[in-house]
Amino acid sequence: MPTAVPERSAGLPEDGPRPVSTGATATGNRRTMPRGVARAAASIGALAVCQAVLMIGLGFLITGPAKHVWPMTAEDGVNRGLERLRTSTLTTLSSIGSELGNTGTVIGVTLAACLGLIFIPKLPMWRQVSFLALGVALQSLVFLVITIAVDRQRPHVHRLDGSLPTSSYTSGHTGAATAIYGGLAVLVLSRVRSPWRRVLAALLLLLPVFVALSRLYRGMHHPTDVAGGMINGALSLLIVGHALLRDGRVSAPAALPEVSQAAPAELLPGRVAVVLNPTTVDESARDELLQVLAQHGHHEPVFIETTAADPGGGQTARALAEGAELVVVCGGDGTVRAAADRLAGSGVPLAVVPFGTGNLLARNLGLPLTPAEALDAALGGTPRVLDLARVEGDGLPATHFAVMSGVGLDAAMMKYAEEHDRAKATLGWPAYVLAAPKAMRGPRMSLSVYMRAIDQVVKNMCTKKGVKCVSFKELADWMDVQTPQTLARLRTLDPAQSPEWSSVVK
């Protein structure tokens, strides 16, 4: 099918393109430290001192001026009440709960989790490993400082674990359990995409509570001791997470130079341009992408961020003008569509890396939905040609699309969801459903569709999971279908080199 792509300018924003970063080139086998390590270490150190001072201050307050003030005056009654409730079953359960916060158990769980984060994913999750290990270590360090500074006797009840050498304030078991299981909950919520992640995170967060109740039941601590342990563990995670997990705090190795705006034709010959949506692609994801690209021999990719005013078309046009041999698009369907529109007919391949809510093109082509796996598969595949449809009207500029184009209710729903990014980021695809009642308030409208080779176009929108590919005749039965405009063609990377693409790729 002939290609019809009109001549057009790059369409960059008036204030010029954003600075572009390139991956650092390795020199021999020398390893360089990630950016921001010194700043992160300084931040952790300074805040850890503040944490220790705060916890010691609370300890002095509990054992000093507030000793005879409620609720401290009621703590002995709580411990005696729990002593009277002891049964063999509850004692066994409390032993299990206490063991979950024991030093050996916490070290073992931390080690197993860190090894899993290194060896199970396709790419090691070093920042997450550092977050977990440092969070547990910081809690332990501050705990030791607290027990040296604050001397508090254990409750005057029969203690099931005997007499321990450390002070009653704070509970080391509870603090350690909060650090390790709370840290795992943070990683589950931030890295796992399963719909069960919230349930799993909630179960992990209940474990420190179980440990705290077990330590109280066994007569080892006052209620304020276990509360202090929870605060100590939570502060440790907060401090380390602030330093390591926030976007831009610690990121890709080596300083990434800015690309000069001069002589654009000489900037990217034979190189890879990565067009990404910064609202969905954080620093840790960029690090993973850099590693995958490096594994396939692309050591100097250029990262170009989209903007609210330009969702990817201008950035892709710039990459083409500067001689990129491959454009990797990281974002949702909107970012992919904008990039595909500019790449249509250019002969430069597109690698789709899904970072969006629906990721319809990636799903319909059977691409991996995990970004690192999708990029790895694409770079190991071969270019294939994908048909694009071209749409224009209502005074809007002509554009191409790869999956579907909507008007009326569908378009209004999409527009409303895009204008409420927070709901979309929190809820995912249900945000589009919630947008339906708002969109239904719009006026009625009629539609005329102009197409050719309808079977190829519609097949781009089909999957093998029960979605029927309608024929031209079936579509004509319920739409006013007339002679279409010419379709454009886009080169995409087929990761599996699969003949199954013959149903969607022409």
Side-chain angles (χ1 to χ4, degrees), residues 44-45 47-63 72 75 78-79 94-111 113-114 130-155 159-161 163-187 201 203-244:
I44 292 174
L47 292 176
V49 172
C50 297
Q51 175 186 354
V53 171
L54 173 64
M55 297 305 302
I56 292 173
L58 289 175
F60 286 155
L61 180 64
I62 291 171
T63 58
M72 269 61 74
E75 291 190 302
V78 172
N79 290 112
S94 71
S95 177
I96 296 173
S98 185
E99 188 62 30
L100 287 173
N102 195 25
T103 301
T105 303
V106 170
I107 292 176
V109 173
T110 304
L111 182 61
C114 290
S130 301
F131 163 72
L132 201 61
L134 289 177
V136 174
L138 177 59
Q139 184 282 145
S140 300
L141 178 62
V142 175
F143 164 73
L144 291 176
V145 174
I146 295 171
T147 57
I148 294 173
V150 181
D151 184 19
R152 189 183 195 189
Q153 298 298 316
R154 296 186 182 271
R159 295 187 286 274
L160 298 181
D161 292 337
S163 297
L164 299 179
T166 56
S167 169
S168 180
Y169 177 86
T170 62
S171 171
H173 284 68
T174 304
T178 302
I180 179 59
Y181 303 120
L184 288 173
V186 171
L187 297 184
L203 292 176
L204 287 169
L205 291 175
L206 286 176
L207 291 181
V209 178
F210 181 34
V211 173
L213 293 175
S214 298
R215 300 303 289 169
L216 287 174
Y217 175 88
R218 300 181 72 82
M220 303 309 299
H221 293 283
H222 304 279
T224 50
D225 298 334
V226 296
M230 284 188 172
I231 295 173
N232 186 36
L235 286 176
S236 299
L237 292 178
L238 183 63
I239 290 171
V240 177
H242 176 270
L244 298 181

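Hydrogens, waters and symmetry mates are skipped; everything else that's a heavy atom, side chains included, is used. As the structure is a prediction and not an experimental result, all values here were calculated from the model.
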*How long is the gap from CG on L213 to CG on L206, to the nearest 0.5 Å?*
10.5 Å
*Do you know the tightest heavy-atom contact between S171 and R215?*
OG-CG, 4.2 Å
*For T110 against A133, the heavy-atom pair lying closest together*: CG2-CA, 4.3 Å
*Check whether any side-chain heavy atom of L160 lies under 4.5 Å from a side-chain heavy atom of Y217, and answer yes or no.*
yes
*So how far is it from L47 CG to L235 CG, rounded to the nearest 0.5 Å?*
10.0 Å
*Which value, rounded to the nearest 0.5 Å, describes the distance between L216 atom CG and E75 atom CD?*
9.0 Å
*Which pairs count as salt bridge (charged side-chain N to carboxylate O under 4.0 Å, His left out) when at least one residue sits in residues 222-239, sequence neighbours excluded?*
R152-D225
*asked:* The criterion is side-chain contact (heavy atoms from CB on, under 4.5 Å); which residues satisfy it with T170, sequence neighbours excluded?
replied: M55, F143, I146
*Closest heavy-atom contact between P223 and N79?*
CD-OD1, 3.9 Å
_Has N102 got a side-chain atom pairing as donor or acceptor with H173's backbone, closer than 3.5 angstrom?_
no
*Over all heavy atoms of both residues, which pair between L237 and G182 is shortest? Give the atoms and the distance, please.*
CD1-C, 3.6 Å
*Take Q51 and S236 through the test side-chain hydrogen bond (donor to acceptor under 3.5 Å, both in side chains) and record every step on the way to the result.*
CA-CA 8 Å; Q51 175 186 354; S236 299; 3.0 Å; yes
*If we only count heavy atoms from C-beta on, is the D161 to R159 side-chain gap below 4.5 Å?*
no
*Rounded distance [0.5 Å steps], CG in L100 versus OG1 in T174*: 11.0 Å
_Under a 3.5 Å cutoff, is there a donor and acceptor pairing between the side chains of S168 and Q153?_
no
_Least distance between heavy atoms, S98 atom then R218 atom_ = CB-CD, 4.0 Å
_Here's a test for you: under side-chain contact (heavy atoms from CB on, under 4.5 Å), which of L205, V209, V109 qualifies with Y181?_
V109
*Closest heavy-atom contact between A185 and L204?*
N-CD1, 3.7 Å
*With rounding to the nearest 0.5 Å, note down the distance linking OG1 in T224 to CD1 in I231.*
10.0 Å
*Mind checking the SG-CG spacing from C114 to L132? Nearest 0.5 Å is all I need.*
5.0 Å
_Any residue meeting side-chain contact (heavy atoms from CB on, under 4.5 Å) with I148, in chain and number order, not counting sequence neighbours_ = none
_Check: F131 and L187 side chains under 4.5 Å, non-hydrogen atoms_ = yes
